[in-house]
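Just below is one structure, and these are the notes that go with it.
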Amino acid sequence: MMNRDDALLKKTIILVTCTFFLWGMSYGLLDVLNKHFQQAMRLSKADSGWLQTAYFLAYFVIAIPAALFNERFGYKRGLIAGLCFFAVGALLFIPSLLNASFLAFVLSLFVLACGSGFLETTANPYILCWGTRTVPSGG
């Protein structure tokens, strides 16, 4: 029979693992969005490259603030903050679509990628905290 700590550990690992899929899916859709914007908005490949620039710039910009946030407020709040960034970025796609503004899409993607970067900065060390200290991660 599982005790309360084992059940909590199992739930935590499942929920954190879901965040890995969330940021992986957003990265996987980046190339699809890029190709779609090239066709729908008649953009050159160079112009549509701003999508990838915004996405990876967000990772660069958010990593240290996310680490400082996690240090001050903890990993649980860090996961919630990352999910909030991600959700706000995703919701910003709606007004971007209504205005048909490529710049707005780039900014929306930047906010969404900040959420992904925040989640990645938080989830990796958080999951390590749940392991044992007897065996190093290398085996």
Side-chain angles (χ1 to χ4, degrees):
M1 178 169 205
M2 279 196 331
N3 63 28
R4 187 175 187 282
D5 288 338
D6 289 342
L8 179 62
L9 175 62
K10 188 175 182 179
K11 285 180 186 177
T12 301
I13 289 174
I14 289 170
L15 289 173
V16 172
T17 301
C18 289
T19 66
F20 284 86
F21 290 112
L22 188 65
W23 76 67
M25 182 182 66
S26 74
Y27 175 68
L29 290 174
L30 183 59
D31 289 331
V32 174
L33 277 175
N34 197 346
K35 185 67 174 168
H36 179 71
F37 282 131
Q38 286 176 19
Q39 293 171 348
M41 296 185 160
R42 296 180 199 95
L43 297 172
S44 68
K45 288 185 180 183
D47 288 339
S48 68
W50 284 106
L51 291 171
Q52 292 174 329
T53 302
Y55 192 89
F56 293 112
L57 184 65
Y59 269 78
F60 178 76
V61 167
I62 203 68
I64 292 175
L68 294 172
F69 183 94
N70 292 332
E71 189 176 296
R72 182 167 182 190
F73 298 107
Y75 294 122
K76 287 181 190 176
R77 289 186 178 152
L79 285 172
I80 292 169
L83 289 169
C84 287
F85 269 110
F86 195 93
V88 168
L91 290 172
L92 285 173
F93 273 82
I94 296 169
S96 301
L97 177 67
L98 295 175
N99 293 325
S101 167
F102 182 67
L103 178 60
F105 278 113
V106 171
L107 293 174
S108 302
L109 188 66
F110 180 83
V111 174
L112 185 137
C114 280
S116 290
F118 211 111
L119 287 171
E120 197 163 342
T121 303
T122 304
N124 288 323
Y126 185 52
I127 213 75
L128 286 174
C129 290
W130 285 90
T132 62
R133 294 189 184 267
T134 57
V135 178
S137 61

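Counting from 1, the numbers follow the sequence of the chain as shown.
- Residues L15 and F73 do not share a hydrophobic cluster, defined by chaining ILVMFWY side chains whose heavy atoms lie under 4.5 Å apart.
- Between L97 and F105, the closest side-chain pair of non-hydrogen atoms falls below 4.5 Å.
- Cluster membership check: V106 shares its hydrophobic cluster with L43, using side-chain heavy-atom separations under 4.5 Å among Ile, Leu, Val, Met, Phe, Trp and Tyr.
- With contacts defined as side-chain heavy-atom distances shorter than 4.5 Å, the pair Y27/F56 qualifies.
- The line from NE2 of H36 to OG of S48 is 12.0 Å long, rounded to the nearest 0.5 Å.
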### Task
May I have the step-by-step check of side chain to side chain contact (heavy atoms under 4.5 Å, CB included) for K76 and T122, ending in yes or no?
CA-CA 8 Å; K76 287 181 190 176; T122 304; over 6 Å; no

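- Connection of L103 to L57 is not established within any shared hydrophobic cluster, with ILVMFWY side chains joined at heavy-atom distances below 4.5 Å, either directly or through further cluster members.
- The side-chain heavy atoms of L109 and F93, taken from C-beta on, include a pair separated by under 4.5 Å.
- The shortest non-hydrogen separation linking A113 to A58 is CB-CB, 3.5 Å.
- Side-chain heavy atoms closer than 4.5 Å link hydrophobic residues (I, L, V, M, F, W, Y) into clusters, and following such links, possibly through other members, connects L29 to W50.
- Residue-environment remark: CZ (F102) exceeds the threshold of 12 foreign heavy atoms within 6.0 Å.
- Atom CZ of F85 sits in a sparse spot, with 12 or fewer heavy atoms from other residues, nucleotides or ligands closer than 6.0 Å.
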### Task
Under the ring-ring contact (aromatic ring centres under 6.0 Å, His included) rule, what do Y55 and Y59 come out as? Steps first, then yes or no, please.
CA-CA 7 Å; Y55 192 89; Y59 269 78; 5.5 Å; yes

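- Here the straight-line distance linking atom OG1 of T121 with atom CZ of F69 works out to 12.5 Å at 0.5 Å rounding.
- Side-chain atoms of N34 never come within 3.5 Å of backbone atoms of L30 as a donor-acceptor pair (strictly under, hydrogens ignored).
- Note on M25 and L51: same hydrophobic cluster, where clusters join Ile, Leu, Val, Met, Phe, Trp and Tyr whose side-chain heavy atoms are under 4.5 Å apart, directly or indirectly.
- Under the 3.5 Å distance criterion, with hydrogens and angles disregarded, no donor-acceptor pair is assigned to the side chains of Q38 and D47.
- With values rounded to the nearest 0.5 angstrom, L79 atom CG is found 7.5 Å from N70 atom CG.
- Here I94 is tied into one hydrophobic group with L91, L98, each link being a pair of ILVMFWY side chains closer than 4.5 Å.
- Using the six-membered ring where Trp is involved, Y75 and Y126 have ring planes that are tilted, between 30° and 60° apart.
- Contact record, A54 with F110: O-CD1, 3.3 Å, taken as the closest heavy-atom pair.
- Remark: L92 CG to L112 CG distance equals 9.5 Å, nearest 0.5 Å.
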